[in-house]
Each structure stands twice: as structure tokens, then as C-alpha cells.
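Single-structure report; data block below.
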Amino acid sequence: SCVFSMILVLLVSCASKSDEMLVGKWQETTGQETIEFLKDKTFQGRLIWDITKTPIDVSGTYSVKGDLVTIVLTRPPGHSPMSLKVEFATSGKEMTVTYQQGGPIKLDGTVLKYQKLG
């Protein structure tokens, strides 16, 4: 029971560290996408949408579980939640995102790199 408690504390501290690292404004390193994750579990940004490659304004809510971030779009409405696998560079200033369930926006397996602004 003591070992289980220690593992639980470790998992919670890892999750909160991912949460903390995610918060902030991110710019895609080779493109025009931006996304900002706020402490209140909301996000906003401009993402490339479908094959037209047109950036559109997006916003919604997000949740973090380990290295998976689930985003739920409220703007534009009517889209399924998307799962993103997030890996941070040791500096915490770079993030690699792999879309697990990209929905209509990104093909599954799409990988993008972002740099933290500010």
C-alpha cells in the first residue's frame, strides 16, 4: 500500500509537470500555426485546417493525462475531440506534437514541432 501511494504521488507530480510545461503560447517552428494553453484548461490559437491549408481561429478546452493531451474544440463547433501525444525537450522550450486522433484537421501520425514564445 505504501509503494502504491508513492507511485500515485509520482504519477500526479509527472502529470502536473506536463500541465505546467504545456501552459503558454507556442509557435510552430516551420509554419504558421500558434496555440496558447491557459492555466484554466482552455486554449486558443490558429491551426491549419484540412487540405485547403488555411489557418483558422480555434478555441476550446483541454485535459492532460500523462503525455496525452485531449483538446475539445468549441470554435469551430461540431468537431470530435482530438488526442495529441506531447513530448517536451529538456529545456521545456520545445514541444513535439504527434496527432493520435487528428479528426478532420490532422491526419493521424502528423508530427509538428513548436517553440515556446516569451
Side-chain angles (χ1 to χ4, degrees):
S1 149
C2 183
V3 171
F4 176 75
S5 297
M6 287 172 43
I7 291 171
L8 189 60
V9 167
L10 183 64
L11 288 173
V12 169
S13 67
C14 288
S16 63
K17 185 172 186 198
S18 290
D19 277 0
E20 288 172 22
M21 292 177 80
L22 189 63
V23 170
K25 189 166 189 174
W26 298 87
Q27 168 80 47
E28 185 190 357
T29 55
T30 59
Q32 40 188 318
E33 292 191 351
T34 59
I35 191 161
E36 183 174 11
F37 293 96
L38 304 171
K39 286 184 181 178
D40 67 359
K41 300 293 185 196
T42 62
F43 73 90
Q44 58 195 16
R46 287 182 68 76
L47 299 180
I48 300 296
W49 201 260
D50 66 37
I51 57 172
T52 65
K53 302 238 186 268
T54 305
I56 65 158
D57 292 327
V58 296
S59 60
T61 59
Y62 72 94
S63 60
V64 179
K65 187 173 183 179
D67 63 354
L68 283 181
V69 177
T70 301
I71 63 173
V72 179
L73 293 167
T74 52
R75 180 181 68 176
H79 291 283
S80 302
M82 295 191 304
S83 294
L84 324 169
K85 184 177 179 197
V86 177
E87 296 173 63
F88 295 98
T90 50
S91 67
K93 299 288 186 194
E94 292 176 10
M95 170 174 73
T96 302
V97 174
T98 305
Y99 287 83
Q100 307 296 309
Q101 292 174 307
I105 304 175
K106 304 287 186 192
L107 294 174
D108 292 357
T110 298
V111 177
L112 296 174
K113 291 191 181 289
Y114 291 84
Q115 195 162 10
K116 199 167 205 172
L117 300 175

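For reference, positions follow the sequence shown, starting with 1.
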**Asked** Which atoms form the tightest heavy-atom contact between Phe37 and Met95, and what is the distance?
**Response** CE1-CE, 4.5 Å
**Asked** Would you say Val97 and Lys85 make side-chain contact, with heavy atoms under 4.5 Å?
**Response** no
**Asked** Does the Lys116 side chain pair with the main chain of Met21, one donor and one acceptor, at a distance under 3.5 Å?
**Response** yes
**Close side-chain approach of Leu84 to Leu68, heavy-atom, < 4.5 Å** = no
**Asked** In terms of side-chain geometry, is the basic nitrogen of Lys39 or Asp19 positioned less than 4.0 Å from the acidic oxygen of its partner?
**Response** no
**Option passing side-chain contact (heavy atoms from CB on, under 4.5 Å) with Phe43 (candidates Thr61, Ile35, Leu38)** = Ile35
**Complete:** Looking only at heavy atoms, the pair that brings Thr70 and Ser83 closest together is OG1-OG, 3.9 Å
**Message:** Just to verify, which of Thr54, Thr34, Asp57 counts as forming a side chain to side chain donor-acceptor pair (under 3.5 Å) with Arg46?
**Reply:** Asp57
**Prompt:** Should Gln44 and Val58 be marked as a side chain to side chain contact (heavy atoms under 4.5 Å, CB included) after you check the CA-CA gap, both sets of side-chain angles, and the distance that decides it?
**Reply:** CA-CA 6 Å; Gln44 58 195 16; Val58 296; over 6 Å; no
**Request:** Establish, from distance only, whether the side-chain atoms of Thr96 and Lys113 form a donor-acceptor pair under 3.5 Å.
**Result:** yes
**Request:** Please say which of Glu33, Gln27, Lys93 ends up in a side chain to side chain donor-acceptor pair (under 3.5 Å) with Tyr114.
**Result:** Glu33
**Item:** Atom pair CG/CG of Leu47 and Leu112 - distance to nearest 0.5 Å
**Value:** 9.0 Å
**hydrophobic_cluster_shared for Ile56 and Tyr62, side chain cutoff 4.5 Å** = yes
**Item:** Check against side chain to side chain contact (heavy atoms under 4.5 Å, CB included), Phe88 and Asp67
**Value:** CA-CA 9 Å; Phe88 295 98; Asp67 63 354; over 6 Å; no
